[in-house]
Amino acid sequence: MITLHHCPQTRSMRVLWLLEELGVPFQVSPHAFDKTLRSPDYLSVSPAGRVPSIEMHGETYFESGAIMEILCERFPERGLGRLPGDPDRPDWLVWLHFAETITQHSAALTQQHVAIYEDAMRSPIVMKLEAARLKKCYAAIEGRLSTPVENRDYLLTSGFSAADIAVGQAVYLARFFATLDDFPETAKWYERLSERPAFKAALPGPDQGIYTKDFYPPWEV
Amino acid sequence: MTPILHHVPGARSFRILWLLQEMGITPEIKEWKIQDGSMRSPEFLCKSPAGRIPALEIDGEVIYESGAITEYLCETRPEHGLGRAPGDPERIPFLEAMHYAETIGHLIAGLNLQWIFLRNPEDRSDTVVKIEARRLAATLAPINEILSGQDHILASGFSAADTMYGFTLTAAGRYVRLEQFPNIQAYNARMAERPAHIAARKLDGERNFPGKDFYEVGA
């Protein structure tokens, strides 16, 4: 049995989504997104006190990108990875890692808008810069999905993969801070992903999660 | 064809420069500057669509994201023994290193933004830089622990996990006093003695963005 240590609306959502797509048995161990992640019990599972981590066959693994690679290699028959030697392998790796480049900006914005509790400590210029960087990331996705020859339905030429899950979930988080209004192909791709039953199963339940609003605009500088 | 590395001296692309040198490959280096806007030019964006370094042109592909490039180079050049392929007993710690190095790297990037790249220093938030330096220290603690019993990130010896971490663990010293992590300090010194690391430093070039040795709140 696989156990996923999970906080709704965090990076662990991408592992939850992947597990749902893989259709393998697993259980979720829910955590609050707070300092209990630094408790000795949890640090023994995830040494930096972060989610996600998983327990599988008596071992514990951490880092969402690493876990996604591990699961795709463990269950190759589901076809969500592109293993070494596959023609789409380089692109699969690029987009899997790129998901984390996107999410570092969402994490900085979550800190600015949600985690910091005194307004005087917030920094409007950081909010503005980080939201602008998210749009640069959207532009990279938009370019990928609108090639001159034909538009792609998914990030890889060979179709849906864990790269869409990683980047799709990164966009799920980024949308709290930057809209997809100027990125029509990205918006269509995201809508396609969000219709997947496995995506819906990974969404937070009522009153779960860390965001209380649908959108956090940057403050006036 | 000689591979082309898109590079900023003293930045994350050093990871790839060092790894290539460990593999005996000397790339042609195309140097970019973070603050002159050139990384937003169409010329650069067609190589690295989000305008980031490193990007590597090799084998007829353009690959970006240092973790992706590192995995790709190890898989396509297994004769150097620097990767841990699927099925290897160290596959999992290898993959964790590929990603965790960036978790640390992003914390440093956030601090770089606050300390180095904000045009107006008054926009810097003392609260954020304090929190982020503390979080950075928390991510270093497990690495210091690993290095208490072994000389490299992986128990079996030198690998691309070291080239991923090398630059990051040195750069962390700008925001966290590394004296509290003696194993990391000793490791950094050990890595800097490797011939490929020395050669990569020579190729790295003069740093073209500002920087101090250490940044302290209130100093």
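Below, chain A is the first sequence line, B the second, and so on; all start at residue 1.
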Heavy-atom proximity to chain B below 4.5 Å, by part of A:Leu43 = neither
Evaluate the criterion side chain to side chain contact (heavy atoms under 4.5 Å, CB included) for residue pair B:Glu132 and B:Trp115; output intermediate values, then yes/no.
-> CA-CA 12 Å; B:Glu132 292 300 282; B:Trp115 281 112; over 6 Å; no
Largest heavy-atom contact set with chain A, pairs under 4.5 Å, which of B:Ala68, B:Ser48, B:Gly51, B:Gly87 | B:Ala68
Interchain contact, B:Ile131 with chain A, by part (heavy-atom threshold 4.5 Å) = side chain
Does any heavy atom of chain A fall under 4.5 Å from the side chain of B:Arg124, the backbone, both, or neither of them?
-> neither
Distance, nearest 0.5 Å, that separates OH of B:Tyr165 from CZ of B:Arg15 = 9.5 Å
Are any of the side-chain nitrogens in A:Asp91 or A:Arg144 under 4.0 Å away from the carboxylate oxygens of its partner?
-> yes
Gap between atom CD of A:Glu142 and atom CG of A:Leu180 - 0.5 Å precision = 8.5 Å
Do the charged groups of A:Arg152 and A:Glu185 touch, with an N to O distance under 4.0 Å?
-> no
When the 4.5 angstrom heavy-atom criterion is applied to A:Ile67 and chain B, the contacting part is neither
Any idea which of B:Ile63, B:Leu113, B:Asn120 has the most non-hydrogen atom pairs under 4.5 angstrom with chain A?
-> B:Leu113
Do B:Phe167 and B:Trp18 have their ring centres less than 6.0 Å from each other?
-> no
Please flag which part of A:Ile116 lies under 4.5 Å from any non-hydrogen atom of chain B: side chain, backbone, both or neither.
-> side chain
Does any heavy atom of chain B fall under 4.5 Å from the side chain of A:Trp92, the backbone, both, or neither of them?
-> neither
In terms of heavy-atom proximity below 4.5 Å to chain B, should A:Val94 be classed as side chain, backbone, both, or neither?
-> both
May I ask you to decide whether B:Glu65 forms a salt bridge with B:Arg52, counting only side-chain N to carboxylate O separations under 4.0 Å?
-> no
Answer with side chain, backbone, both or neither: which region of B:Leu45 has an atom nearer than 4.5 Å to a non-hydrogen atom of chain A?
-> neither
Interface moiety of B:Arg119 toward chain A, non-hydrogen atoms closer than 4.5 Å | neither
Side chain from CB out, backbone as N, CA, C, O: work out which of these in B:Glu145 comes under 4.5 Å of a heavy atom of chain A, or both, or neither.
-> neither
Any side-chain donor paired with an acceptor under 3.5 Å for A:Glu55 and A:Thr60?
-> no
Could you give me the CA-CA distance, side-chain angles and deciding distance for A:Val45 and A:Phe62, then say whether side chain to side chain contact (heavy atoms under 4.5 Å, CB included) is met?
-> CA-CA 8 Å; A:Val45 178; A:Phe62 69 108; over 6 Å; no
Please flag which part of B:Pro49 lies under 4.5 Å from any non-hydrogen atom of chain A: side chain, backbone, both or neither.
-> both
B:Ile143, part contacting chain A, at a heavy-atom distance under 4.5 Å | neither
Output the option from B:Glu61, B:Gln114, B:Arg91 having the highest count of non-hydrogen pairs under 4.5 Å with chain A.
-> B:Arg91
Counting only heavy atoms not in B:Glu43, do more than 12 fall under 6.0 Å of its CD?
-> no
Which portion of B:Ala109 sits near chain A, non-hydrogen atoms under 4.5 angstrom | side chain
Ranking B:Val128, B:Thr139, B:Ile92 by heavy-atom pairs under 4.5 Å to chain A gives rank one to B:Ile92
Chain B shares the most heavy-atom pairs under 4.5 Å, among A:Ala139, A:Ala107, A:Ala140, A:Gly143, with A:Ala140
Nearest non-hydrogen partners of A:Tyr42 and A:Pro52, listed with the distance = OH-C, 4.3 Å
Could you tell me which portion of A:Ile125 (side chain, backbone, both or neither) has an atom closer than 4.5 angstrom to a non-hydrogen atom of chain B?
-> side chain
Going from CE on A:Met68 to CH2 on A:Trp17, what distance comes out if it is rounded to the nearest 0.5 angstrom?
-> 8.5 Å
Of the listed residues (A:Glu73, A:His97, A:Arg50, A:Glu59), which shares the most heavy-atom pairs with chain B below a 4.5 Å separation?
-> A:His97
Taking every heavy-atom pair that is under 4.5 Å apart, which of B:Leu95, B:Asp59, B:Leu107, B:Leu140 has the most such pairs with chain A?
-> B:Leu95
From the list A:Ser123, A:Pro90, A:Ser64, the residue making the most non-hydrogen contacts under 4.5 Å with chain B is A:Pro90
With only heavy atoms counted, which part of B:Glu96 is less than 4.5 Å from chain A, the side chain, the backbone, both or neither?
-> both
Student check: side-chain heavy atoms of A:Met56 and A:Met1 closer than 4.5 Å | no
salt_bridge(A:Glu21, A:Arg78) N-O dist < 4.0 Å | no
Which bit of A:Glu118 is near chain B, if near means a heavy-atom gap under 4.5 Å: side chain, backbone, both or neither?
-> neither
